[in-house]
Asks: 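Attaching a single structure in structure tokens format; questions to follow.
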Amino acid sequence: MRRILTNFCLKRVVFYFLFTLFFFGNKDVLTAQSISGRVFDANTRKPLPFANVFISNTTIGSTTDIHGNYIISGSTPQNFELAASFVGYYTKSTRIDIIDSIHINVDFELSPKVNQLDEVELKARRDKKWERNLKRFEKVFLALPDDPFLKETKILNPWVLNFEQLKEGGRKYFLANAQEPILIENNSLGYQIEYHLQQFIEWRRGLHYSGLVKFQEMEGKRDIEEVRNSTFRGSLRYFIQLLIQNKIDTLEFEIYKVNPNLSASQRTNNFGYELGKSIKRIGRDSLYICELTENRIRIELPYRIEVHNLQMPWLSDYYEHINNSIFWLEAPRGFFIVDESGVLLDPRQLVRSGSVGRERMARFLPHDFEPSEDFGALVAAFDSTLVEKFKWNSLRERPHLSLNKAFYAPGEAIWFSSQMLYQNPMKADSLSKVLYVDLYGKDFDLVRTEKFEIKNGHVSGVLEVPDNLTAGDYVLRAYTNWSRNFGEDGFFYLPVPVLPSDRLAVAPSIEDWVDPEGEIELSIDAKFTSNEWNTRAELSVNIHEPDLDIRGGRINISILDADLNPAIGLNAPIAKSLDWLMESELGILFESPKYPIEFGISVKGYFSDRPKRPLSVPITIVKGELEDYGVVNSDSSGYFWATGLSFTDSAMISIAALNKRRKAIGNVRLVPNSIPEVRHFFPKLDYQTKLNPITDLRYRYADLMEGDYFELDEFTITNTEILNSASDNYGYGNPDRVIGQDQLELWPDLTLDRIISMNMPGGGMGRYNWGTETGSPLLIVDGARFFESPESGETVMEYLATILVSEVESIKVYTFSAPVFGMQGYAGVILVETKKGARGLDGSLVFDDSQFQKFTIRGFANVPEFPDFKKQDGVIYRQSAVYWNPQLEWDKDNTSIPISFEMSSQTKRLLIKVEGISYDNDPISKIFYMDVKN
């Protein structure tokens with residue numbers, strides 16, 4: 001028994017990956033053998049000619065003759081899985097452990113498959129949801145999106161795959177199965193792969209898949225030896241092989257044991273500081289390795305280990321200034337078993353993460369692969385340009401607009417709901433909070449533009465159709481400032497006919513609008529009560545999900561007078577917009593974004609001063625009487641930009657560049673936001689018109705803004721007044737990260753600036769502004785805001801450097817949740833509570849605006865509620881739009897949503913349009929027609 005050291009490390013934000021395929025053979029453990037036998041039908045006992053018999057995970061195999069006989073001769077592994085497959089039959093395998101035999105006989109009885117789907121049925125399964133699931137499957141099964149091998153690896157027969165989602169024991173799973181072997185072409189490594197999928201399961205914390213794999217050399221592939229060698233050298237198999245052969249070179253690998261008494265939240269990104277505390281370097285003789293019978297080796301692994309591959313360059317976001325491959329290993333049972341070539345016999349015995357957790361089919365080498373004696377230089381495991389391209393592609397966003405009607409008259413209000421779509425939903429919290437909606441005409445003339453606040457990926461809005469607008473075809477365009485970086489890909493267009501009030505639009509059909517693929521079913525129960533003037537409707541919208549694990553979702557509902565709205569199906573449903581998630585990635589042309597992310601209303605302009613004076617100065621921006629403020633730096637040309645303000649209509653903004661005596665210097669001028677050029681106009685929609693029996697439009701947009709038919713649902717301006725209760729974080733909600741006493745006690749002699757940088761990704765605040773200069777974070781100490789001093793030039797981090805950890809009770813950091821602080825929270829927020837208020841700041845600062853220039857800035861559009869006609873006295877006049885709700889949510893405890901309203905007794909038939917999306921990205925598009933009956 002040999003004693004070898006191992007160790008493990010817990011990584012913050014690590015996904016654990018379990019796999020059943022492991023790699024590559026070694027010529028020292030291949031044994032000359034002869035394997036033969038027959039393959040025949042299990043029912044008829046007839047031989048199966050031309051069946052495939054192969055050793056799984058190798059290039060070794062044979063084909064049966066016309067009598068069903070096969071023979072495999074030559075060098076084979078000592079422990080392997082022998083499999084037989086035939087079209088229309090279930091693949092079968094058996095485990096072989098060779099000890100002394102030089103000839104083995106193995107027969108296979110294959111059972112025919114029943115209830116096979118025919119070609120028509122297979123095609124019918126390829127709906128939009130299936131395609132989205134396929135894209136998800138490929139990113140897990142083949143390679144991660146930033147792996148350069150992904151573009152060289154493809155599934156040739158994806159139609160054999162089926163997907164489903166289920167919940168068991170409180171955990172949600174994504175499953176895949178294949179009716180036939182998955183055929184894979186890997187041009188990076190030069191293999192054709194036949195994968196007989198046995199199991200595929202993904203859940204929130206990781207994934208596991210297994211199967212029988214047949215490798216075949218691709219013809220005509222040259223110059224791949226270096227790529228194969230490099231892939232092998234970066235593999236887990238290579239590390240294990242060196243470990244059991246006692247060849248670990250400390251110049252190539254370093255192994256560390258993780259302190260099991262420290263959690264991930266107690267780790268920092270400072271490698272030098274963590275060494276000896278959370279991780280401890282260990283030697284090879286710290287682990288027990290036991291040679292078992294049948295060429296098997298047991299490795300004791302009682303802890304997680306952290307392994308640094310010093311020869312493999314990698315972009316690391318775990319430690320500062322560490323740019324080599326790092327991975328983590330953990331054995332749930334305290335050990336794992338391999339053969340003498342380092343092949344893991346049961347991959348479930350080992351959990352891996354980090355660089356070896358990224359390995360997928362695109363990087364699998366067969367077990368009989370023999371690397372060159374001289375590995376030579378390593379080929380980079382990643383492509384930095386591809387990593388950069390993937391980063392920008394994963395940050396794409398685009399809105400989808402749903403309207404309450406299909407056409408409008410001059411003077412009407414366009415009620416809309418907007419659902420933001422994200423290429424990577426995990427990044428949604430760090431993306432735009434401002435949506436622009438424009439209305440323009442066929443000559444590209446801009447009719448109206450407004451800004452709306454994005455809350456939790458959703459917008460509820462209203463846009464006026466001017467009274468004097470000429471009837472014709474118009475277009476709504478929606479986008480964010482950030483989405484402009486991606487050209488037309490970031491814009492959403494929606495044609496909107498504007499007709500004279502005496503005409504109605506008639507659509508030829510609504511069949512194309514209703515989504516046939518939706519798995520979520522809807523039903524509506526209704527009760528109507530009438531008097532001689534009006535009718536009261538009480539409806540229940542019922543959600544029926546096939547999955548018992550109902551996560552819920554969000555829908556909008558529009559109820560119209562069906563006789564006044566014969567063209568509801570003109571615009572495409574949300575299922576069409578979801579196709580965008582499956583489109584090819586863009587060829588990103590910029591190194592950094594031109595248009596920054598907006599976290600609120602933005603202000604931009606130029607600072608100018610006397611000749612030869614620097615133009616790069618701090619610019620102070622204040623809203624109102626210090627309700628919100630921010631300090632940003634202008635660049636060398638004097639340009640400055642700030643974002644994060646939150647208000648509706650208009651607000652007074654004070655701006656100045658202040659010197660050390662708090663006197664204004666130079667001059668500030670603002671520049672308006674540029675409106676992107678219109679480059680696309682939809683052709684005229686396919687509709688006809690007919691006479692409108694109701695020509696009196698009583699509820700125009702102007703009436704809504706001036707009348708008393710509704711109560712304004714105003715955007716709430718964040719209250720930035722510092723409250724008096726530290727226990728509820730002064731009213732600011734939960735932080736993204738808390739550094740409490742249990743962590744602070746470990747570093748009593750350090751200063752706060754160091755503690756904060758050690759506990760944040762990359763040493764920064766973790767506020768992902770994607771290339772935008774953020775300035776200093778907002779600092780609140782014992783309930784009072786810290787203001788950077790122009791006299792001393794003391795910054796937030798410099799002030800934090802004066803505070804010792806021993807003085808502090810807790811540190812709370814706001815990053816993704818920082819927008820609640822307005823513009824001042826753009827660069828993040830640090831909330832410090834000292835012991836007994838020892839570091840309390842002066843929170844009584846009075847804002848003196850005498851030195852500031854004043855500007856009136858346009859904010860978010862004011863969005864009223866849809867009019868509640870029951871609040872009127874007397875008769876309700878007949879209207880085209882009866883009811884509108886842009887945001888109805890459901891979950892497992894709320895699958896029946898009640899709504900009620902009153903309408904004209906002249907309305908005899910309703911058209912109910914429901915559109916939305918579940919939290920699992922299942923689109924919902926449904927139209928109901930309902931007669932109004934007592």
Side-chain angles (χ1 to χ4, degrees), residues 19-23 37 39-42 48-64 68 70 72 80-96 106 108-119 121-123 125-126 130 133-134 136-143 152-164 175-202 207-219 347 360-368:
F19 295 92
T20 50
L21 291 182
F22 281 78
F23 325 118
V39 180
F40 51 87
D41 187 301
L48 295 177
F50 311 112
N52 289 314
V53 182
F54 59 93
I55 297 177
S56 184
N57 296 320
T58 73
T59 59
I60 303 170
S62 180
T63 303
T64 59
Y70 73 92
I72 297 174
F80 57 88
E81 194 88 3
L82 185 66
S85 67
F86 191 71
V87 176
Y89 287 76
Y90 291 106
T91 300
K92 193 171 183 179
S93 66
T94 183
R95 186 76 191 179
I96 305 294
V106 181
F108 289 96
E109 300 179 3
L110 301 187
S111 300
K113 295 181 179 179
V114 295
N115 299 324
Q116 289 287 293
L117 294 176
D118 59 31
E119 185 176 357
E121 288 174 318
L122 280 174
K123 291 181 179 179
R125 302 181 73 87
R126 299 189 61 180
W130 179 89
N133 285 333
L134 174 64
R136 175 179 177 179
F137 174 81
E138 288 179 332
K139 288 182 177 180
V140 172
F141 182 70
L142 293 181
E152 297 296 326
T153 308
K154 62 181 178 179
I155 297 175
L156 303 179
N157 60 338
W159 53 85
V160 304
L161 287 160
N162 297 314
F163 309 101
E164 65 175 315
L175 306 174
N177 62 77
Q179 303 164 50
E180 298 292 340
I182 304 171
L183 304 180
I184 304 169
E185 184 176 80
N186 186 340
N187 288 287
S188 295
L189 296 176
Y191 292 110
Q192 294 276 3
I193 303 171
E194 186 178 291
Y195 195 101
H196 299 253
L197 185 64
Q198 295 174 326
Q199 185 181 41
F200 178 96
I201 181 169
E202 180 187 16
L207 64 96
H208 168 77
Y209 62 84
S210 61
L212 302 166
V213 193
K214 176 186 176 183
F215 285 86
Q216 183 176 345
E217 295 273 0
M218 293 178 62
E219 297 181 0
R360 303 294 191 272
M361 284 303 302
R363 290 190 175 271
F364 278 0
L365 288 164
H367 288 177
D368 58 326

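This chain uses plain numbering: 1 for the first residue, then up along the sequence.
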Asks: Hey, could you give me the CD1/CD distance between Ile60 and Gln216, rounded to the nearest 0.5 Å?
Replies: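 The distance works out to 13.5 Å.
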Asks: Could I get the full list of ring pair (Phe, Tyr, Trp, His ring centres under 6.0 Å) partners for Phe108, not counting sequence neighbours?
Replies: none
Asks: Check Ser85 against Thr91 and note the closest heavy-atom contact, atom names and distance.
Replies: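 Closest pair (atom of Ser85, atom of Thr91, distance): CB-OG1, 3.5 Å.
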Asks: Run the side chain to side chain contact (heavy atoms under 4.5 Å, CB included) test on Tyr191 and Leu365 for me, step by step, so that the C-alpha distance in whole Å, both residues' side-chain angles and the decisive distance to 0.1 Å come before the verdict.
Replies: CA-CA 9 Å; Tyr191 292 110; Leu365 288 164; 3.8 Å; yes
Asks: For Phe141 and Arg360, work out which heavy atoms get closest and say how close.
Replies: O-CB, 3.4 Å
Asks: Roughly how far, to the nearest 0.5 Å, is the CZ atom of Phe86 from the CG atom of Leu110?
Replies: 9.0 Å
Asks: For the atom pair CD1 (Ile155) and CD1 (Ile193), what is the distance rounded to the nearest 0.5 Å?
Replies: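 If we round to the nearest 0.5 Å, Ile155:CD1 and Ile193:CD1 are 10.5 Å apart.
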Asks: For Tyr89, does the six-membered ring have the charged nitrogen or CZ of Lys113 within the cation-pi criterion, i.e. under 6.0 angstrom from the centroid and within 45° of the normal?
Replies: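 Not satisfied by the 6.0 Å and 45° rule.
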Asks: Spell out, as yes or no, whether a donor-acceptor pair under 3.5 Å connects the side chain of Asn186 to the backbone of Thr153.
Replies: no
Asks: What closest approach, in Å, do Val213 and Ser56 show between heavy atoms, and which atom pair accounts for it?
Replies: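 For Val213 versus Ser56, the nearest heavy atoms are N-OG, 3.0 Å.
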Asks: Can you give me the closest heavy-atom contact between Ala51 and Thr64, atom names plus distance?
Replies: N-OG1, 2.8 Å
Asks: Could you tell me how the ring of Phe137 sits relative to the ring of Phe163: parallel (under 30°), tilted (30 to 60°) or perpendicular (over 60°)?
Replies: tilted
Asks: Applying side chain to side chain contact (heavy atoms under 4.5 Å, CB included) to Met218 and Glu185, what does each step give before you reach the verdict?
Replies: CA-CA 9 Å; Met218 293 178 62; Glu185 184 176 80; 3.8 Å; yes
Asks: Parallel, tilted or perpendicular: which describes the rings of Tyr209 and Phe364, with under 30° parallel and over 60° perpendicular?
Replies: tilted
Asks: I'd like to check Glu202 versus Arg136 (side-chain heavy atoms, cut-off strictly below 4.5 Å). Are they in contact?
Replies: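 Answer yes - side chains close enough.
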Asks: In sequence, state the C-alpha distance, the side-chain angles, and the governing distance for Phe200 and Asn177, and then conclude on side chain to side chain contact (heavy atoms under 4.5 Å, CB included).
Replies: CA-CA 7 Å; Phe200 178 96; Asn177 62 77; over 6 Å; no
Asks: Do Asp41 and Pro112 have side chains that get closer than 4.5 Å, going by heavy atoms?
Replies: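 Side-chain contact under 4.5 Å: yes.
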Asks: If we only count heavy atoms from C-beta on, is the Asn57 to Pro366 side-chain gap below 4.5 Å?
Replies: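 No - every pair of side-chain heavy atoms lies 4.5 Å or more apart.
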Asks: Can you tell me how far CD1 of Ile182 sits from CG of Leu142, rounded to the nearest 0.5 angstrom?
Replies: 8.5 Å
Asks: When you compare the side chain of Asn52 with that of Thr63, does any pair of heavy atoms fall below 4.5 Å?
Replies: yes
Asks: Under a 3.5 Å threshold, yes or no: a donor from one side chain and an acceptor from the other, between His196 and Gln198?
Replies: no
Asks: Is there a side-chain contact between Val106 and Val53, using heavy atoms and a 4.5 Å cut-off?
Replies: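 SC-SC contact between Val106 and Val53 ruled out.
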Asks: Once you round to the nearest 0.5 Å, how far does CZ of Phe54 lie from CD of Glu194?
Replies: 6.0 Å
Asks: So, are Glu138 and Lys154 salt-bridged, with charged N and O less than 4.0 Å apart?
Replies: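 Not counted as a salt bridge, because no side-chain N and carboxylate O are separated by less than 4.0 Å.
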Asks: What closest approach, in Å, do Val160 and Pro181 show between heavy atoms, and which atom pair accounts for it?
Replies: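 For Val160 and Pro181, the tightest heavy-atom pair comes out as CG2-O, 4.3 Å.
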Asks: Assess whether side chain to side chain contact (heavy atoms under 4.5 Å, CB included) is satisfied between Ile96 and Glu81, documenting all intermediate values.
Replies: CA-CA 6 Å; Ile96 305 294; Glu81 194 88 3; over 6 Å; no
Asks: Quick check: closest heavy atoms across Ala42 and Glu109, and the distance to 0.1 Å?
Replies: CB-CB, 4.0 Å
Asks: Ignoring hydrogens and angles, tell me if any N or O in the side chain of Trp130 forms a donor-acceptor pair with the backbone of Leu161 under 3.5 Å.
Replies: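 A pair under 3.5 Å: yes.
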Asks: So, taking the atom named CG in Leu175 and the one named CG in Asn162, what distance separates them when rounded to the nearest 0.5 Å?
Replies: 11.5 Å
